[in-house]
Every structure is written in structure tokens, then in C-alpha cells.
Trainee: 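Sharing a structure with you now.
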Amino acid sequence: QVQLVESGGGLVQAGGSLRLSCVVSGSIVSRNTMAWFRQAPGKQREFVAHINSGGYTSHADSVKGRFTISRDNAKNTVYLQMNSLKPEDTAVYYCKVFNTNYWGQGTQVTVSS
């Protein structure tokens, strides 16, 4: 069964940075499109970014220029580098094997104003 293990969330002041990691079982990261989503309190889950097996990336308009998705195939890991964090980025962040129902457990990111 596909396993996704996330880490890197925490509390940070506005303007700070965090890097989220998601380690995925097998060769999923190298062979599939991986994605990050987030869900803020009282809001629906929304798309943040994805990266496909060829390295093509896409980022939501709300995070373009601040967040960067990447992967390390040798480590079976997908990353989300988050810079210039804003209070509105506060949410639970989830990694996902795109176009599947395989999700990580979620990691809390809290940005103080």
C-alpha cells in the first residue's frame, strides 16, 4: 500500500520560511505527478502546486513567486519550499499522489502576524 509521510510544519512569523517534506513509498515520486494541497480553518481544501515525472511544475496564483515544489527521486521525496510566508498561508498542508486518493497525514503550518 502507498505510504506518504510528511514533516516540516510548524509555527513561523510572517516573512519567514519553512520547507515541507513528503516521503513516499516505492518509486511513486519518480513515476507520478505529486501535489500539495492546503486547507485553512473554515475553508475547502485547495490546490497549491504539483510536479510531474518530467519535472514540469505548476503553482497556484496565491503562492507563485513565494512557494516552490521540487522532488528528489533518489530519496522518494517531494518538497514544498515556502518563503515570504503570510498569515493567510496558515493551513494544514497535505501531499498527494495526483489523480489518486493517496494522501499524506497533513502537517500544520501556522504563520503569525
Side-chain angles (χ1 to χ4, degrees):
Q1 189 170 349
V2 175
Q3 301 278 353
L4 298 86
V5 181
E6 295 177 311
S7 62
L11 175 64
V12 65
Q13 291 192 44
S17 298
L18 286 172
R19 187 180 71 170
L20 307 183
S21 300
C22 180
V23 180
V24 189
S25 60
S27 299
I28 298 295
V29 170
S30 64
R31 299 180 183 274
N32 295 92
T33 299
M34 300 297 301
W36 288 95
F37 289 74
R38 67 185 182 185
Q39 187 166 20
K43 305 272 285 185
Q44 291 194 326
R45 193 168 298 186
E46 65 176 348
F47 167 80
V48 175
H50 70 65
I51 181 167
N52 75 4
S53 60
Y56 172 83
T57 63
S58 181
H59 299 78
D61 289 342
S62 59
V63 306
K64 280 182 179 176
R66 300 188 299 118
F67 292 9
T68 304
I69 190 171
S70 63
R71 69 171 191 259
D72 186 332
N73 291 338
K75 296 182 178 179
N76 297 320
T77 301
V78 61
Y79 302 97
L80 186 68
Q81 179 66 47
M82 305 185 296
N83 299 324
S84 301
L85 283 161
K86 304 174 180 180
E88 51 263 44
D89 296 318
T90 295
V92 178
Y93 285 72
Y94 301 88
C95 65
K96 184 188 183 183
V97 183
F98 205 60
N99 205 32
T100 74
N101 200 35
Y102 296 124
W103 295 87
Q105 79 281 5
T107 184
Q108 177 71 50
V109 172
T110 303
V111 184
S112 61
S113 60

Trainee: Would you list the pairs meeting salt bridge (Lys or Arg N to Asp or Glu O under 4.0 Å) in which at least one residue belongs to residues 89-105, sequence neighbours left out?
Mentor: Arg38-Asp89, Arg66-Asp89
Trainee: Would you say Tyr102 and Val48 are hydrophobically clustered, going by side-chain heavy atoms of ILVMFWY under 4.5 Å?
Mentor: yes
Trainee: Determine which pairs satisfy disulfide (SG to SG under 2.5 Å) with at least one residue from residues 42-72, sequence neighbours left out, and list them in order.
Mentor: none
Trainee: Within the side chain of His59, is there an N or O that forms a donor-acceptor pair under 3.5 Å with the backbone of Gly65?
Mentor: no
Trainee: According to a hydrophobic-cluster definition based on side-chain heavy atoms being under 4.5 Å apart (Ile, Leu, Val, Met, Phe, Trp, Tyr only), do Val92 and Val12 belong together?
Mentor: no
Trainee: Residues two or more places apart in sequence or in another chain: which of them pass ring-ring contact (aromatic ring centres under 6.0 Å, His included) with Phe37?
Mentor: Phe47, Trp103
Trainee: Pairs of donor and acceptor atoms involving the side chains of residues 106-113, under 3.5 Å and at least two apart or interchain, shall be tabulated with distances.
Mentor:
unit_1: Thr107; atom_1: OG1; unit_2: Gly9; atom_2: N; d: 3.2
unit_1: Gln108; atom_1: NE2; unit_2: Ala91; atom_2: O; d: 3.4
unit_1: Gln108; atom_1: NE2; unit_2: Thr110; atom_2: OG1; d: 3.3

Trainee: Starting at OG1 of Thr90, measure out to NZ of Lys43 and round the result to the nearest 0.5 Å.
Mentor: 13.0 Å
Trainee: Not counting sequence neighbours, list each pair that qualifies as a side chain to side chain donor-acceptor pair (under 3.5 Å) and has a residue in residues 47-57.
Mentor: none
Trainee: Should Trp36 and Val97 be counted in the same cluster of Ile, Leu, Val, Met, Phe, Trp and Tyr side chains packed under 4.5 Å apart?
Mentor: yes
Trainee: Side-chain contact, heavy-atom cut-off 4.5 Å: Leu4 with Tyr94?
Mentor: no
Trainee: Show me the side-chain donor-acceptor pairs of residues 13-34 shorter than 3.5 Å, one per line, residues at least two apart or across chains.
Mentor:
unit_1: Ser17; atom_1: OG; unit_2: Asn83; atom_2: OD1; d: 2.9
unit_1: Ser25; atom_1: OG; unit_2: Gln3; atom_2: N; d: 3.0
unit_1: Ser30; atom_1: OG; unit_2: Ser27; atom_2: O; d: 3.1

